[in-house]
Number of protein chains: 2
Amino acid sequence: MIAPQTAPAGPAGLHNPLDALLGYQLRRASTVMMAHLGAALAETGLTPTEASILLLIDANPACTQSDLGRALAIKRANMVPLMSGLLKRGAVERAPVDGRSQALSITANGQALVADVRNRIHRHEQCFQGQFDAKALDAMIAGLQLIRATVQDEA
Amino acid sequence: MIAPQTAPAGPAGLHNPLDALLGYQLRRASTVMMAHLGAALAETGLTPTEASILLLIDANPACTQSDLGRALAIKRANMVPLMSGLLKRGAVERAPVDGRSQALSITANGQALVADVRNRIHRHEQCFQGQFDAKALDAMIAGLQLIRATVQDEA
DNA sequence: TATTGTTATACTCTATAACTATA
DNA sequence: TATAGTTATAGAGTATAACAATA
């Protein structure tokens with residue numbers, strides 16, 4: 001049972017019983033890191049999602065749009081505008097595999113962008129990973145994966 | 001430096017270099033827990049955000065709408081439809097403090113809803129907290145708060 | 001029959017700007 | 001001048017349904 005709380009709130013803010021909840025802390029921490037990542041990527045003109053797609057294509061040459069959607073839990077329909085932005089930008093190219101699939105790859109021009117994205121993400125991650133020692137960081141990552149695995153993964 | 005990856009993806013899916021990133025794992029884990037919480041609350045007709053507001057008012061009688069917004073990082077403008085739903089439902093009532101502030105409280109009728117919400121959130125949290133021993137859970141919560149505190153808190 | 005890529009569309013969340021009335 | 005509450009609105013992000021072409 002979660003005990004009802006009647007203690008008065010301090011001058012700094014309200015008493016927040018949600019602070020003890022894993023889901024609440026997860027959501028707030030995620031929002032903080034996403035905002036920080038968005039700022040770190042702003043100069044590239046990419047959103048965190050677009051940057052993720054870029055890194056995933058780079059690590060999986062010849063993958064398809066549907067593959068990416070499955071890996072990142074993005075619906076096929078929502079992949080379309082995401083991909084068309086990266087294609088128009090000339091960072092990604094497509095080659096037909098069969099009549100319906102297209103193999104994705106980073107263009108020669110896109111390589112520099114990928115490297116820049118990698119550096120920016122790395123610096124961003126260091127801001128937060130630096131708060132933990134190696135053991136604690138591994139425990140955090142493992143814990144988060146455990147949470148993800150608790151329920152069958154999203155679409 | 002994040003090493004470039006060239007290993008082939010297994011048949012189960014793509015190779016995902018984002019798996020080593022705290023921000024990525026945070027986002028995915030948060031999405032999983034939010035979806036699970038949404039399902040746990042569905043029968044109450046409340047969203048996770050509305051349920052959070054309810055618990056926060058219950059823990060902070062006579063708080064204002066703006067107080068809640070600050071505690072939950074919800075902009076004043078976005079609090080309006082949230083509050084009006086809870087008011088129309090008869091779970092929350094308002095009493096004027098001065099000419100501009102209104103003190104919020106849970107109605108007599110709303111108490112049962114708060115209790116139900118508390119139980120549902122508790123069962124939901126147990127699904128995930130149950131994966132950790134007490135020490136690991138404390139470390140997770142503390143780690144998430146540390147991440148939040150790394151950057152000055154959101155609006 | 002299932003899958004790829006696509007269009008169109010709707011719904012939720014979040015963000016900004018502006019207004020009023022109060023302090 | 002700053003704050004509480006409100007309105008209107010714009011922009012993301014995400015969801016479903018449907019379609020054509022292909023496997």
Side-chain angles (χ1 to χ4, degrees), chain A residues 11 13-14 24 27-28 30-32 34-35 37-39 41-42 45-53 57 60 62-88 92-104 153-155, chain B residues 11 13-14 24 27-28 30-32 34-35 37-39 41-42 45-53 57 60 62-88 92-104 153-155:
Chain A
L14 299 185
Y24 177 75
R27 174 146 163 58
R28 295 297 298 265
S30 174
T31 302
V32 166
M34 284 298 289
L37 177 58
L41 291 170
L46 297 174
T47 64
T49 302
E50 290 170 325
S52 299
I53 291 173
I57 295 172
N60 298 277
C63 68
T64 70
Q65 215 166 292
S66 294
D67 290 334
L68 295 174
R70 278 185 290 269
L72 296 174
I74 299 172
K75 301 246 178 288
R76 289 187 314 288
N78 297 330
M79 287 296 304
V80 177
L82 253 8
M83 287 307 309
S84 80
L86 295 172
L87 290 165
K88 197 181 308 170
V92 172
E93 60 193 348
R94 304 203 267 198
V97 177
D98 44 43
R100 58 182 178 183
S101 296
Q102 312 241 265
L104 300 168
D153 228 281
E154 331 95 86
Chain B
L14 299 184
Y24 178 74
R27 174 146 164 59
R28 295 297 297 265
S30 174
T31 302
V32 166
M34 284 297 289
L37 177 57
L41 291 170
L46 296 174
T47 64
T49 302
E50 290 170 325
S52 299
I53 290 173
I57 295 173
N60 297 277
C63 69
T64 71
Q65 215 167 293
S66 294
D67 290 334
L68 295 173
R70 278 186 290 268
L72 296 173
I74 299 171
K75 300 243 179 288
R76 290 185 313 289
N78 297 329
M79 286 297 304
V80 178
L82 254 7
M83 288 307 310
S84 80
L86 296 173
L87 290 165
K88 197 181 308 172
V92 172
E93 61 193 348
R94 304 204 267 199
V97 177
D98 44 42
R100 58 182 177 182
S101 295
Q102 312 239 266
L104 300 169
D153 228 281
E154 331 95 88

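Each chain gets a letter, A, B and so on, in the order the sequences are listed, and its residues count up from 1.
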Please produce a list of atom pairs where a protein N or O lies less than 3.5 Å from an N or O of nucleotides 6-10 of chain C.
| from | atom 1 | to | atom 2 | distance (Å) |
| --- | --- | --- | --- | --- |
| C:dT6 | OP1 | A:R94 | NH1 | 3.4 |
| C:dT6 | OP1 | A:R94 | NH2 | 2.9 |
| C:dT6 | OP2 | A:Q65 | OE1 | 3.3 |
| C:dT6 | OP2 | A:Q65 | NE2 | 3.0 |
| C:dT6 | OP2 | A:R94 | NH1 | 3.4 |

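You'll find that the side chain of A:R100 is closest to D:dA23, out of C:dA23, D:dA23, D:dG5.
Taking the side chain as every heavy atom from C-beta outward, A:L41 and A:E50 never approach each other to under 4.5 Å. Considering only heavy atoms from C-beta on, A:L68 comes within 4.5 Å of B:L14 through its side chain.
Note: B:R94 CZ to B:I57 CD1 = 10.0 Å, rounded to the nearest 0.5 Å.
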Item to check | Worked check of side chain to side chain contact (heavy atoms under 4.5 Å, CB included) between A:N60 and A:L104 | outcome: CA-CA 9 Å; A:N60 298 277; A:L104 300 168; over 6 Å; no
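Judged as a side-chain contact (heavy atoms from CB on, under 4.5 Å), and not counting sequence neighbours, the contacts of A:V80 are A:Q65.
In this structure, CD1 of A:I74 is placed 15 Å from C1' of C:dG5, rounded to the nearest angstrom. The separation between A:L82 atom CG and D:dG11 atom C1' is 15 Å, rounded to whole Å. Distance, A:I53 CD1 to C:dG5 P: 13 Å, rounded to whole Å. To the nearest angstrom, P of D:dA15 lies 13 Å from CG of A:L72. Computed from coordinates, the B:L68 CG to D:dT6 P distance equals 12 Å when rounded to whole Å. For A:R27 and D:dG13, the CZ to P distance is 14 Å, given to the nearest whole Å. In this entry the distance linking NZ of A:K75 with C1' of C:dT3 reads 16 Å, nearest Å. Atom CG of A:D67 and atom P of C:dT3 are 13 Å apart (whole Å).
Counting only distance, with no hydrogens or angles, the side chain of A:S84 and the backbone of A:P81 share a donor-acceptor pair below 3.5 Å.
Mapping A:D98 and B:S66 onto DNA chain D via the closest heavy atom, the residue that lands nearer the 5' end is B:S66.
Scanning both residues, A:S66 and A:R76, for their nearest heavy atoms gives OG-CD, 3.8 Å.
Among the atoms of the strands shown, none is found under 4.0 Å from any heavy atom of B:T49.
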